[in-house]
Amino acid sequence: MGCVGISGSHARQLLRLLSGLMHLGNIVLSPKEDGCTVAEGTGAAALSRCCKLLRCAPQHLSTALTQRRIEAGGERISVPASAAAATQA
């Protein structure tokens, strides 16, 4: 990456970001009665690795993946997303 003018520290940050995004694709969601949740085992492990690379809290990312936020008329509400809807988002 040095040949295109990207410094070593920026290259590491880019690779960390790309690795985090790839682990994001490995997160498995499982349906539950009122929405979905991150699946135990491989889904939780991928979530943990993704959060470590992206430097965010697992609870925040899990909520962002499994909840749909609607903003209307100055009001915000969170609605549980189905596994199918969360996977497509």
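Since the structure is predicted, the reported quantities are computational estimates derived from the model, not experimental observations. Just so you know, these numbers use all the heavy atoms, side chains as well, and skip hydrogens, waters and symmetry mates.
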Considering non-hydrogen atoms only, spot the tightest contact between Gly35 and Pro80 and give its length. CA-CB, 4.1 Å
Quick test of your reading: applying salt bridge (Lys or Arg N to Asp or Glu O under 4.0 Å), list the pairs with at least one residue in residues 69-78, sequence neighbours left out, ordered by first then second residue. Glu71-Arg76
Residues joined to Leu29 in its hydrophobic cluster, side chain to side chain under 4.5 Å directly or through other members, sorted by chain and number, are Leu17, Leu21, Leu24, Ile27, Val38, Leu47, Leu54, Leu61, Leu65
Inter-residue atom distance His23.NE2 - Ser48.OG, 0.5 Å rounding: 10.0 Å
Once salt bridge (Lys or Arg N to Asp or Glu O under 4.0 Å) is applied, what residue pairs with a partner in residues 42-54 remain, sequence neighbours excluded? none
Which atom names give the shortest non-hydrogen contact between Gly20 and Cys50, and what distance separates them? O-SG, 3.3 Å
Side chain to side chain donor-acceptor pair (under 3.5 Å) partners of residues 58-68, not counting sequence neighbours, each pair once: Gln59-Thr63
Members other than Ile77 in its cluster, when Ile, Leu, Val, Met, Phe, Trp, Tyr link by side-chain heavy atoms under 4.5 Å? Ile70, Val79
Run the side-chain contact (heavy atoms from CB on, under 4.5 Å) test against Arg16 and tell me which residues pass, sequence neighbours left out. Leu53, Arg55
If you compare all heavy atoms of Pro58 against all heavy atoms of Cys51, which two are closest, and at what distance to 0.1 Å? CA-SG, 3.4 Å
Show me the pairs that pass side chain to side chain donor-acceptor pair (under 3.5 Å) and involve residues 24-35, at least two apart or across chains. none
